[in-house]
Structure formats: structure tokens, C-alpha cells
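Here the structure is laid out as C-alpha cells; the discussion comes afterwards.
Residue indices begin at 1 and follow the sequence shown. Given the structure is predicted, the values throughout are model-derived calculations rather than measurements.
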Amino acid sequence: MESNYPIFRKYQKLEYALETKKLLEDHKILCEMADNAPIVDVTFAGNTIQNLIEIRIPQEDFEKAEKLLENEANRLIEQVDKNHYLYQFSEGELYEILLKKDEWSAFDYQLAQKILKEKGKTIDEHLLAQLNKQRMEDLAKPESSQKPWVIAGYFLAFLGGAFGIITGYFLWTSKKTLPNGTRIFSYQENDRKHGKIIFFLGLVILITSLIVRWIQFF
């Protein structure tokens, strides 16, 4: 059964997902794990689908879960030595980890801060909040124009095929989940309007063709 919870984290390794799931469940946070379920968030012109393990939790628990992962990462950081691969990163690469927090583990995020501080850089809550805000704004931008799919959608809709209806539906309704749990539409308003038209146009043509065939049959 597909979960109604938004995606909290994605992992390429099952062991990382299981560790996070156990930590959350130990602290009474409802948690579901799904293996590579990209249908809702996939984009027609989007990225290559990877085999990802998704951790989904109620949106109201995002802040609590983030704090739990942060505390666990801080505990583990005390045990790390300078042979860790992040110590080989440049300052720019470390700042990129802070900006793209959603692409890294909580441990890497905390360790990047620690290393930058050791280099004499000022890393405070204000800077982290600004980076997080910038990241949310970047990710919230709709996908680029889907003109080829809009054209294909109209063509398929006029043919009365189900794929035209499906194309229109996804252009119209597809959403993506931001790292903070917010769900937003994936495509630009104009593409979504075309998607809605394609969906109903395809539906009307399909139903009409079925009625005509039924009449001819009898």
C-alpha cells in the first residue's frame, strides 16, 4: 500500500535507511520505508531514476526527526578522526554540503560544520538558516518548459489513447516533495493548464469513441 506520508529522507544503501528507521521508531515517530517509489515525484524531463530507499514520516514530525538525526550525528562526530574523507574536501565543497543538506547524511552535515569551524570559518544558526532558505527556494522552482510533452499529449489525446490522458494528468497534477515535507506542483502554471486540457480532451475523445463503437456494435 502506498504511503500517504511525505518523504523525509532518501538513501541509496539499505543499511542507512534501516538505521534511520530504527532511530525514529525508538523515539515513537511513525515511520514507513519504501523501496524506490518515484511515481509521484518523477518528472518527464527530470533526472535519471535511482534505486533509492525512501523514509516517510508524518509531516508534523519532520522537525523532531531532524533534531534526533542531528543529535545522533553530534554523538558520532566525537568518535571520528581526521582520516575521514570529508577532511579532504575543499572549503567550497564543504559549504556545498551545508547548502544541499538534503543530499547528505546528518552526520556529514554536522561534520562539515565542524571542519569549517576548525578552519576558522564562522558557522552559526543565521548562516545555516539562510542556506536552508536558499535551498528551499531553488528546489521549489518548477521544472523547465514541458513543451515537447505538451505537444505529444495533445497528439495522443486526439488519437483517443489512454496515454494522452495519462500525460495530461501528470502534467496537471504531478507534485514533488521538498526536504521540509512541503508538497508543491512540479510544473509551471502554463504547462499545468495544458495538462488539464489534454486530460479532459483525451477523456472526452476516448468516451466518445467507445460510445460510437458500442452503437455500431448494436
Side-chain angles (χ1 to χ4, degrees), residues 1-44 46-80 86 96-114 123 125-143 166 169-187 192:
M1 181 182 295
E2 185 176 346
S3 172
N4 291 320
Y5 297 153
I7 299 170
F8 174 64
R9 282 288 188 277
K10 292 181 180 180
Y11 297 99
Q12 291 188 351
K13 293 186 177 181
L14 178 60
E15 60 185 291
Y16 294 160
L18 291 173
E19 288 174 1
T20 297
K21 185 173 185 290
K22 183 178 186 306
L23 177 65
L24 297 178
E25 290 179 338
D26 287 347
H27 289 82
K28 311 303 181 184
I29 294 179
L30 293 175
C31 180
E32 294 181 357
M33 191 168 69
D35 184 3
N36 195 23
I39 295 176
V40 175
D41 289 342
V42 70
T43 60
F44 289 108
N47 301 323
T48 302
I49 298 173
Q50 298 179 344
N51 183 28
L52 296 174
I53 309 299
E54 299 173 350
I55 297 295
R56 295 172 175 265
I57 65 174
Q59 187 167 344
E60 60 268 22
D61 288 327
F62 266 56
E63 184 175 349
K64 179 181 177 182
E66 288 282 3
K67 194 64 179 178
L68 285 172
L69 292 182
E70 179 182 331
N71 291 339
E72 180 67 8
N74 285 331
R75 183 184 69 81
L76 294 174
I77 281 175
E78 298 303 319
Q79 307 169 19
V80 74
L86 284 190
E96 186 173 0
I97 293 176
L98 301 189
L99 173 63
K100 299 180 178 180
K101 176 182 178 180
D102 54 291
E103 295 182 358
W104 296 83
S105 68
F107 176 83
D108 289 337
Y109 180 70
Q110 295 299 324
L111 182 56
Q113 295 179 50
K114 180 176 183 291
I123 308 296
E125 291 301 320
H126 176 70
L127 173 63
L128 296 176
Q130 288 298 111
L131 290 174
N132 185 61
K133 180 181 178 183
Q134 179 183 336
R135 180 62 171 166
M136 292 304 107
E137 290 174 352
D138 290 342
L139 292 175
K141 294 177 182 178
E143 301 295 327
I166 294 172
Y169 181 79
F170 273 99
L171 285 171
W172 175 27
T173 65
S174 182
K175 291 184 176 182
K176 56 184 177 182
T177 304
L178 300 183
N180 61 6
T182 303
R183 298 273 292 162
I184 61 173
F185 287 109
S186 299
Y187 303 114
R192 293 183 56 240

Which residues satisfy the side chain to side chain contact (heavy atoms under 4.5 Å, CB included) test with Ala112, sequence neighbours excluded? Leu94, Ile97, Leu98

Count the heavy atoms belonging to other residues, nucleotides or ligands that lie under 6.0 Å from CD of Glu15, then report whether that count exceeds 12. yes

What residues form a side chain to side chain contact (heavy atoms under 4.5 Å, CB included) with Leu18, not counting sequence neighbours? Leu14, Met33

Contacts of type salt bridge (charged side-chain N to carboxylate O under 4.0 Å, His left out), residue Glu96, not counting sequence neighbours: Lys100

Using the test side chain to side chain contact (heavy atoms under 4.5 Å, CB included), find all partners of Ala65 that sit at least two apart in sequence or belong to another chain. Phe8, Leu24, Ile29, Ile57

Go through the structure and list residues passing ring-ring contact (aromatic ring centres under 6.0 Å, His included) with Tyr169, not counting sequence neighbours. Phe199

For Leu30, what residues pass the side chain to side chain contact (heavy atoms under 4.5 Å, CB included) criterion, not counting sequence neighbours? Tyr5, Pro58

What pairs with Gln130 under side-chain hydrogen bond (donor to acceptor under 3.5 Å, both in side chains), at least two apart in sequence or on another chain? none

Can you sort out the partners of Lys101 under side-chain hydrogen bond (donor to acceptor under 3.5 Å, both in side chains), two or more places apart, ordered by chain and number? none

List in chain and number order the residues that pass side-chain hydrogen bond (donor to acceptor under 3.5 Å, both in side chains) with Glu72, two or more places apart in sequence or in another chain; answer none if no residue qualifies. Arg75

Starting from the C-alpha separation in whole Å, work towards a yes-or-no answer on side-chain contact (heavy atoms from CB on, under 4.5 Å) for Val80 and Phe107. CA-CA 10 Å; Val80 74; Phe107 176 83; 4.1 Å; yes

Please check: side-chain N/O of Asn74 versus main-chain N/O of Glu70, any donor-acceptor pairing under 3.5 Å? yes

Listed partners of Glu103 passing side-chain hydrogen bond (donor to acceptor under 3.5 Å, both in side chains), at least two apart: Arg135

Of all pairs that satisfy side chain to side chain donor-acceptor pair (under 3.5 Å), the ones with a partner from residues 57-69, not counting sequence neighbours: Arg9-Glu66

